[in-house]
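On a predicted model such as this, the values are computed, not experimentally measured, just so you know. For the numbers below, each heavy atom of this structure counts, side chains included, while hydrogens, waters and symmetry mates do not.
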Amino acid sequence: MRSLTRDALSWYISQNPKKWANWVSMASDFMDRFRFNTENTPDIFYIQNLKKKSTETFRQYTTRWRSEAAKVRPPLEEEQMNKFFVRAQDSQYYEMLMVIKNHNFSDIIKLGERIEEGIKSGMVTNFEVLQATNIALQLGGILKKKEVGAVMVA
């Protein structure tokens, strides 16, 4: 019981220990309840689509990503893991990280942090912001044309 956490601990606490005749029956009930955790391991497709959340730093993201990648079965080689991590990046990170994908994961993290700092300081262009601004400007132009057209028709 001391090693259980979250859902497993809640499940165990809510059980009546008298229903189990022995350790094997309790273990069997536990496995029936939580077997999906062992059968639902992340695959390559999952980790390639694991994106950075807007609320996390690059380092927090890499830690989360690496933790998930470690669960992939069969286990990935270091070089494969680096390649899939680089592929999972947004464009501004991908373009700069792809040149060092054959290095250590720690080197990739360091460069990613530098890119993140460059984006924050304005030295590196954030393509997502540029795309959003461009779309907003295009939509604004379309709306103005419709307004002008509506005034001319009215």
Side-chain angles (χ1 to χ4, degrees), residues 1-14 27 30-154:
M1 179 176 135
R2 289 183 222 172
S3 64
L4 298 177
T5 60
R6 297 188 303 237
D7 293 339
L9 181 60
S10 297
W11 172 83
Y12 181 80
I13 290 171
S14 68
F30 181 85
M31 286 306 295
D32 289 343
R33 172 75 177 186
F34 295 102
R35 185 175 323 277
F36 73 93
N37 286 328
T38 61
E39 296 169 351
N40 191 22
T41 58
D43 59 7
I44 293 169
F45 180 75
Y46 171 75
I47 62 169
Q48 279 184 308
N49 291 303
L50 194 60
K51 301 295 182 190
K52 181 180 170 293
K53 297 175 184 175
S54 61
T55 58
E56 64 187 352
T57 65
F58 189 80
R59 182 172 290 272
Q60 290 169 330
Y61 165 62
T62 56
T63 302
R64 180 173 59 89
W65 191 95
R66 184 67 183 243
S67 174
E68 291 296 314
K71 298 174 189 175
V72 171
R73 296 291 172 246
L76 298 171
E77 298 287 327
E78 181 79 16
E79 189 175 314
Q80 290 176 305
M81 204 175 300
N82 294 349
K83 179 175 74 173
F84 291 128
F85 177 75
V86 170
R87 285 184 186 169
Q89 302 310 301
D90 293 329
S91 58
Q92 71 261 21
Y93 286 92
Y94 176 79
E95 290 176 10
M96 295 178 196
L97 290 175
M98 66 184 255
V99 296
I100 69 159
K101 67 181 175 188
N102 294 328
H103 287 69
N104 294 330
F105 198 75
S106 60
D107 294 335
I108 294 172
I109 293 172
K110 289 174 188 172
L111 181 56
E113 287 178 321
R114 288 184 187 140
I115 295 167
E116 179 179 55
E117 199 55 44
I119 291 169
K120 287 179 182 175
S121 69
M123 299 298 285
V124 174
T125 305
N126 186 334
F127 293 112
E128 292 171 351
V129 172
L130 283 177
Q131 287 174 337
T133 304
N134 188 25
I135 290 169
L137 288 172
Q138 288 175 355
L139 289 175
I142 292 169
L143 291 176
K144 286 180 183 176
K145 286 179 186 177
K146 285 183 180 179
E147 289 172 8
V148 170
V151 170
M152 291 175 66
V153 172

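- Residues Trp65 and Ile47 share a closest heavy-atom pair of NE1-O, 2.7 Å.
- Residues passing the side-chain contact (heavy atoms from CB on, under 4.5 Å) test with Glu56 are Lys52, Lys53, Gln60, Tyr61, Arg64, sequence neighbours excluded.
- In terms of heavy-atom proximity, Tyr94 sits nearest to Val86 at CD1-O, 3.1 Å.
- Scored by the side-chain contact (heavy atoms from CB on, under 4.5 Å) test, Arg66 finds Glu78, Met81, Phe105 as partners (sequence neighbours excluded).
- Shown here are the side-chain contact (heavy atoms from CB on, under 4.5 Å) partners of Lys71, two or more places apart in sequence or in another chain: Pro42, Ser67, Glu68.
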Please list every donor-acceptor pair under 3.5 Å in which a side-chain atom of residues 106-119 meets a protein atom from a residue at least two apart or in another chain.
unit_1: Glu113; atom_1: OE1; unit_2: Arg59; atom_2: NH2; d: 3.1
unit_1: Glu113; atom_1: OE2; unit_2: Arg59; atom_2: NE; d: 2.7
unit_1: Glu113; atom_1: OE2; unit_2: Arg59; atom_2: NH2; d: 3.3
unit_1: Glu116; atom_1: OE1; unit_2: Phe58; atom_2: N; d: 3.4
unit_1: Glu116; atom_1: OE2; unit_2: Phe58; atom_2: N; d: 2.9

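- Between the OG1 atom in Thr62 and the CZ atom in Phe85 there is a gap of 5.5 Å [rounded to 0.5 Å].
- Separating the CG atom in Leu50 from the CD atom in Gln89 is a distance of 9.5 Å, to the nearest 0.5 Å.
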